[in-house]
Structure formats: structure tokens, C-alpha cells
Amino acid sequence: MENILNLQDVIINEILAELIDEIEDWLVIYDKQGKMIYINRHVERLSGYSKEEILQDPMKAPWDINTYNTTLKERALLAIGQNRKFETITLNKNKKQAEFYLSLTLSGIKDRNGELVLYIAIGKDITGAKRLQEKLHRLKYIDEVTGLPNQAAFIEHIYSKVKKENASFAVVLFDISKMSYINNTYGLTTGDALMKEIADRLYKVLHKDGAIAKLNSDIFAVIYEDVEEQAEVIEFINIIFNHIHKPFKIEEKEIYIEMSVGVSMFPTHAKKPGQLINKVQIALARAKECLGKNKVIFYEDQIQDEVQMRMLQESDIHQAYKNNEFIVYYQPFIDLERETLTGMEALLRRKKQSGEIVMPSKFIDLLEQLELIEQVGVQVIEEVCRQLREWIDEGYSIVPISINLSMLQFKNPNLSNDIINMLEKYNIPPSLIVLEITENMVIQEVEMAQQTILELRNYGFKIAIDDFGTGYSSLGYLKKFLFDHLKIDISFIREITKNPQDRAIVSAIISMAKALSLQTIAEGIETLEQLEIIQEMGCEMGQGYLWDAPLKPEDIKNKYLLKLYK
């Protein structure tokens with residue numbers, strides 16, 4: 001019987017050993033001296049070492065109580081002595097030096113007398129979960145392009161900074177100007193490479209004096225430590241300017257950048273993190289509105305009022321666009337020899353819900369800054385085509401209508417197709433549309449401008465150069481671009497009766513235009529004296545309050561258009 005019982009014990013022990021070997025947990029058993037006496041197969045699989053290798057040389061084990069740091073080992077043994085388990089997460093390396101994480105629990109086994117006889121370490125491989133955690137942390141707190149902390153990390157850093165006693169620091173935002181232009185011109189790969197280079201330069205300047213982060217596509221943020229005076233911050237920013245203004249060489253291209261900078265200081269401008277962040281954003285918004293390059297604006301209370309007013313204006317303009325409040329008025333062009341209607345200019349107005357008419361000087365700049373000018377420009381083209389179709393269908397004689405193109409419209413590679421599609425939609429011949437552009441629009445990208453103008457003229461549109469004489473007036477440009485009309489700017493006409501120089505300039509412009517077979521249009525004629533001078537010089541067309549201010553469509557129809565049939 002005793003032999004049978006002994007045999008049962010052996011069988012049971014072998015089964016238990018086999019089961020322990022097969023469990024998907026790391027298991028190591030130590031004697032009371034801390035000597036490793038047993039490991040299961042999962043330890044072999046994870047570590048890459050055999051049982052024999054580890055038992056002969058426990059230092060090869062990725063985790064061993066005897067090789068753990070002293071403080072943690074003491075804590076572990078103290079917990080076990082108090083009948084508690086000790087839990088920790090360890091980073092280990094296997095035989096091939098690949099890292100893996102273990103979630104370990106160390107517990108003790110006591111005999112009947114309460115003496116510790118064994119230690120058992122049980123661990124779970126949590127490498128996948130840990131990697132996922134690290135990835136999620138990186139997605140949440142790290143900018144993908146530069147590897148810098150992102151906005152979320154930066155805000156948390158500010159929250160931690162303000163809690164420190166006697167803290168004083170500046171929050172500085174650097175907005176990289178024209179990043180969208182750089183991305184569109186050179187490509188996103190070049191744009192990303194540029195961002196990395198900027199981050200490296202900022203990091204080298206900052207060194208140990210603060211923290212740096214990348215907030216969004218074109219804004220870097222810096223915390224500059226232990227400063228109380230604006231002069232210190234300005235000195236620091238000037239150092240950054242000196243580094244940033246050197247050309248960046250990206251893929252054999254030399255790229256120069258400019259920045260707008262906003263600054264708020266703790267605790268001078270705000271004592272709460274949210275307020276501090278809000279105020280530095282307000283300062284940056286003001287810096288971006290300023291004319292000139294590399295503007296640095298420190299927060300002031302009056303700036304907040306200005307920015308809030310600006311935000312209200314922007315919201316108002318967006319609402320006006322959504323509500324289709326932008327309408328078209330028409331101002332006649334008069335043939336100065338026959339004194340008859342020879343054309344019209346479509347001019348933008350805003351009609352508020354209250355019925356108030358708002359002049360373009362109140363909203364054009366905002367439309368351009370908000371990049372709504374192109375969408376509104378498209379609306380103008382469609383409205384002109386619709387109005388022409390209405391007049392034609394009603395049987396009125398029609399004259400060409402001039403439409404001003406914005407810079408954004410002119411740079412749109414689909415400009416020609418967009419206008420042509422609109423004409424075809426309303427069945428309007430291109431001869432009834434004159435497209436007006438300014439000198440500054442054509443000189444920025446000469447080759448692109450030439451190609452665009454050629455496409456438009458080939459389709460049948462006439463092209464007018466607007467505000468001539470106020471930009472980079474050049475005979476070469478007039479010859480190169482083959483314009484049809486030349487509009488003499490109102491600033492010369494206004495003083496033509498009093499200022500001999502203006503009179504000489506206008507005379508020279510008209511003579512030059514005639515030599516190039518361009519028809520001239522004098523803007524802003526308000527008096528008979530101005531008209532007589534212009535007629536003597538040989539100008540073909542006139543526009544101005546002498547005849548009429550811009551008129552609503554029904555007024556133009558009733559006053560100027562002739563019925564061809566009834």
C-alpha cells in the first residue's frame with residue numbers, strides 16, 4: 001500500500017510539473033536564500049535561454065531577484081515578510097537583446113512554523129500592451145513630423161509649471177509665415193523637412209533654458225524659463241531670429257522663412273494656465289495682422305479688445321457669405337466720342353439683412369485675409385452671367401461687362417475652365433465679358449500670368465489692366481501680356497486739372513496705350529473740366545460720377561439699356 005501511495009505522489013508531482021511547464025505565465029521559484037531552483041518553459045521561450053543556461057548562470061535570466069536594484073529588492077522582501085504580494089513591471093532583454101515587458105508578482109511560501117522557505121515569481125508578457133500604450137502616448141503627446149511634444153503635452157507642461165513656487169516664465173508662440181505657400185510650391189515632403197530643421201534650430205537655441213513644442217502645422221511654442229522682464233524675452237527672441245533667418249537648404253533648395261511672434265508672461269499677464277494660453281494666442285493673432293516682417297507682440301489688455309472685435313467682424317463676414325448678402329452693382333463706361341454706353345463694370349456690394357448697403361472698403365480686406373475672396377469672386381461671375389442672360393431674354397441690347405479678378409482667382413489653375421463653364425451654363429458669349437487684373441497680379445509670377453492670359457484671350461475674353469500707374473508700370477509688361485484695355489487710375493484723374501505732373505503722366509499713358517493699340521478708360525471722372533482734358537488727350541472711354549455712381553441692375557436697365565424688340 002505504501003508503495004502505491006508513493007507512486008501516486010510521484011505521478012501527481014509529475015503531472016503538476018507538466019502543468020506548470022505548460023502555463024502561459026513566466027514562473028521562477030527561489031529557495032529561501034534567493035537561489036533560483038526552478039523555471040518553467042515559458043521563461044525559456046521569452047528569454048531565449050535554456051533552463052540549464054539560466055540555472056547555471058542566473059545572471060542570464062532577464063529578471064532575477066538577486067540582480068534587482070537594492071531598494072526595490074528590499075521593498076519586495078519587506079512586502080513578502082508582511083504576507084503581502086509585491087507587484088512591478090520590468091523591462092527586460094532576451095538572448096537576442098530584444099526588449100520585452102513583464103508584469104511580475106513576487107510572493108512567498110512559508111512552512112507550518114511560519115518560516116519562509118520559497119519565493120515564487122509569476123509574470124505575464126505585456127510587451128504588446130506596453131507597446132500599444134507607448135504608441136497611444138506618442139499619438140497623444142508627440143508631433144509626428146518633428147518628434148517634439150505637441151499641443152496637449154505643452155498645455156500639461158504649463159499646468160505643471162504654474163504650480164511651482166516663485167515660478168516666472170514666458171510663453172512664446174512662433175508662427176511660420178507662408179507655410180501653405182511653401183507646401184503648395186515645393187510639396188509636403190519639403191514642408192515636413194523644413195519643419196524638422198526649424199525644430200532642430202529652436203532646440204539648439206533653447207538648450208536647457210526651457211521647453212519647446214509643435215502646436216500645429218505652422219506654430220512652434222516655447223517656454224522660456226526664469227524671466228521677469230520683457231527685455232530678456234526680446235533678447236532671447238532676437239537670438240532665435242538670427243538662427244532662423246539663415247537659409248534652410250532642403251533637397252538642394254534654399255528656403256527663407258519669416259515668423260510672427262506672440263508672448264505672454266507668467267505671472268505678469270495671467271496666473272492661471274488657461275488664461276496664459278489664451279493671452280499668448282491673442283498676442284500672436286495681433287502679430288500676424290501687423291504689416292512688416294517678424295513682428296513680436298507682447299500681450300496687452302487692449303489687444304484682447306481688438307482681437308475680439310476682429311473675431312466678431314470675421315464671424316459677420318462668414319455669415320454674410322453664407323446668407324448670400326454679396327450683390328453686384330454696375331457702373332457704366334461711356335464712349336467719350338459718341339457719348340453712349342459702351343460697357344459696364346461689375347462692382348461688389350454687401351446688402352445686409354436690414355437692407356443697409358455696405359461699400360467694399362468695409363469688407364474686401366477681410367474677404368482676402370479669410371480667403372473668401374475667391375468664392376465671392378465666383379459668385380460675382382455667376383451673377384453677371386445670370387444677369388446678362390436675363391437682359392438678353394428680355395430683349396435688351398447688351399454691352400460687355402468688366403469683372404475684377406482677385407489674386408487668388410487669377411492664381412487658380414482652373415480659372416479659365418471655371419469661367420468658361422459658367423458662360424456655357426448661361427449661354428453667354430465670351431465677347432460680353434472683360435476680365436480686369438492689376439499690375440501687381442501679373443508681375444508676381446510672370447510665366448504663369450502669361451499662360452493664363454493667353455488661355456483667356458484665345459477663348460475670346462478681353463483683358464483689361466486695372467489701376468495702371470500705381471504699381472510697377474512697365475512698357476515691357478504691356479507689350480508682353482497683350483492687354484485689350486488699360487484703365488488709368490483714379491488718383492491721376494482726380495488731380496488732372498490742378499497738377500501738371502498728373503496731367504503729363506496721363507498724357508504719356510494714353511500715348512503709350514495708343515502705340516500698343518490699347519483702348520484707354522479713365523476712372524473717376526467727376527467734372528466737365530476733367531472730361532474735357534481727357535477728351536483732348538484722346539482717351540476713348542470714361543467712368544465716373546459725372547455720369548453715374550454704381551447702380552442696381554434695374555436702374556441700369558431703365559436708364560441705359562435699349563429694348564431691341566418688344
Applied to residues 365-375, the salt bridge (charged side-chain N to carboxylate O under 4.0 Å, His left out) test, sequence neighbours excluded, yields none
Residues Tyr256 and His245: closest non-hydrogen pair is CD2-O, 3.8 Å
Discussion item. Tell me if the NZ atom of Lys110 is crowded by more than 12 foreign heavy atoms within 6.0 Å.
Written reply: yes
Smallest heavy-atom separation, Val261 atom then Ala287 atom, equals O-CB, 3.4 Å
Applying side-chain hydrogen bond (donor to acceptor under 3.5 Å, both in side chains) to Lys425 and not counting sequence neighbours gives Glu382
For this session: Look at Glu53 together with Lys95 and state whether they make a salt bridge at an N to O cut-off of under 4.0 Å.
Result: yes
To the nearest 0.5 Å, atom CD1 of Ile257 lies from atom CZ of Phe248 at 4.5 Å
Pair Val117, Asp31 - check side-chain contact (heavy atoms from CB on, under 4.5 Å), show working. CA-CA 6 Å; Val117 292; Asp31 65 18; over 6 Å; no
Under the criterion side-chain contact (heavy atoms from CB on, under 4.5 Å), I'd like the reasoning laid out for Ile297 against Val263: C-alpha separation, chi angles, the key distance, then a yes or no. CA-CA 6 Å; Ile297 298 293; Val263 186; over 6 Å; no
In short, Lys214 meets Leu148 closest at the heavy-atom pair N-CB, 4.1 Å
To the nearest 0.5 Å, atom CZ of Phe220 lies from atom CG of Leu202 at 6.0 Å
* **Expected output: side-chain Asn323 to main-chain Gln319 donor-acceptor under 3.5 Å** => yes
Original post:
Would you say the side chains of Glu455 and Ser416 form a donor-acceptor pair under 3.5 Å?
Top reply: yes
Lys178 meets the side-chain contact (heavy atoms from CB on, under 4.5 Å) criterion, sequence neighbours left out, with Tyr181
Donor-acceptor contact below 3.5 Å, side chain Ser160 vs main chain His157: yes
Open item on the list: Taking Met311's backbone N and O only, do any of them form a donor-acceptor pair with Ser315's side chain (distance below 3.5 Å, no angle check)?
Closed with: no
What one should report as the nearest heavy-atom pair of Ala213 and Asn150 is CB-O, 4.1 Å
For residues 148-161, the salt bridge (charged side-chain N to carboxylate O under 4.0 Å, His left out) pairs (sequence neighbours left out) are Lys161-Glu225
When rounded to the nearest 0.5 Å, the distance separating CG of Asn40 from CD1 of Ile29 is 8.5 Å
Distance-only, no hydrogens or angles: does the Asn113 side chain make a donor-acceptor pair with backbone N or O of Glu115 under 3.5 Å? no
NZ/NE/NH1/NH2 to OD/OE distance under 4.0 Å, Lys351 and Glu325: no
Leu454 vs Gln450, side-chain contact (heavy atoms from CB on, under 4.5 Å): CA-CA, chis, key distance, verdict: CA-CA 6 Å; Leu454 183 61; Gln450 273 187 294; over 6 Å; no
In a table with atom names and distances, give each donor-acceptor pair under 3.5 Å that connects a side chain of residues 189-201 to protein atoms at least two apart or in another chain.
{"from": "Thr190", "atom 1": "OG1", "to": "Tyr186", "atom 2": "O", "distance (Å)": "3.4"}
{"from": "Thr190", "atom 1": "OG1", "to": "Glu251", "atom 2": "OE1", "distance (Å)": "3.1"}
{"from": "Arg201", "atom 1": "NH1", "to": "His243", "atom 2": "O", "distance (Å)": "2.7"}
{"from": "Arg201", "atom 1": "NH1", "to": "Lys246", "atom 2": "O", "distance (Å)": "2.9"}
{"from": "Arg201", "atom 1": "NH2", "to": "Pro247", "atom 2": "O", "distance (Å)": "3.1"}

Review point. Does Asp418 offer a backbone N or O that forms a donor-acceptor pair with the side chain of Asn414 under 3.5 Å?
Key: no
Below 4.5 Å, heavy atoms only, C-beta onward: do Ile158 and Val171 meet side chain to side chain? yes
Would Lys362 and Asp316 pass as an ion pair if we require N to O under 4.0 Å?
-> no
To the nearest 0.5 Å, atom CG of Asn404 lies from atom OG of Ser406 at 9.5 Å
So OG of Ser47 and NZ of Lys96: to nearest 0.5 Å the spacing works out to 12.0 Å
**OP:** Evaluate whether atom NZ of Lys85 has more than 12 neighbouring non-hydrogen atoms of other residues, nucleotides or ligands under 6.0 angstrom away.
**Re:** no
query: Less than 4.5 Å apart, any side-chain heavy atom of Phe410 and any of Thr452?
result: yes
- Task: Could you tell me whether the side chain of Val172 reaches within less than 4.5 Å of the side chain of Ile237, counting heavy atoms only?
- Result: yes
Exercise for review: Verify, without hydrogens or angle tests, whether Ser264 (side chain) and Leu276 (backbone) share a donor-acceptor contact under 3.5 angstrom.
Suggested key: yes
Would you say Asn324 and Phe326 make side-chain contact, with heavy atoms under 4.5 Å? no
NE2 of His318 to CG of Leu366, rounded to nearest 0.5 Å, is 9.0 Å
task: Answer whether the closest heavy-atom distance between the side chains of Ile89 and Leu102 falls below 4.5 Å.
output: no
*With under 30° as parallel and over 60° as perpendicular, where do the rings of His269 and Tyr299 fit, or are they tilted in between?*
perpendicular
message: In the structure I gave you, are the side-chain heavy atoms of Thr146 and Asp143 within less than 4.5 Å of one another anywhere?
response: yes
Taken in chain and number order and not counting sequence neighbours, the residues that satisfy side-chain contact (heavy atoms from CB on, under 4.5 Å) with Lys271 are Phe266, Pro267
Taking every heavy atom of Glu232 against every heavy atom of Glu228, the minimum-distance pair comes out as OE2-N, 3.5 Å
> Side chains of Phe298 and Val233: does their closest heavy-atom pair fall under 4.5 Å?
Replying inline: yes
Please evaluate residues Leu348 and Phe363 with respect to the criterion side-chain contact (heavy atoms from CB on, under 4.5 Å), reporting the C-alpha separation (whole Å), side-chain torsions for both, the decisive distance (0.1 Å), and the verdict.
CA-CA 10 Å; Leu348 190 62; Phe363 59 78; 3.6 Å; yes
_Are Leu284 and Phe174 packed together at the side-chain level, in the sense that at least one heavy-atom pair is separated by less than 4.5 angstrom?_
no
Donor-acceptor pair, side chain of Asn242 and main chain of Asn238, under 3.5 angstrom: yes
Between Ile212 and Val222 the two heavy atoms that sit nearest each other are CG1-CG2, 4.1 Å
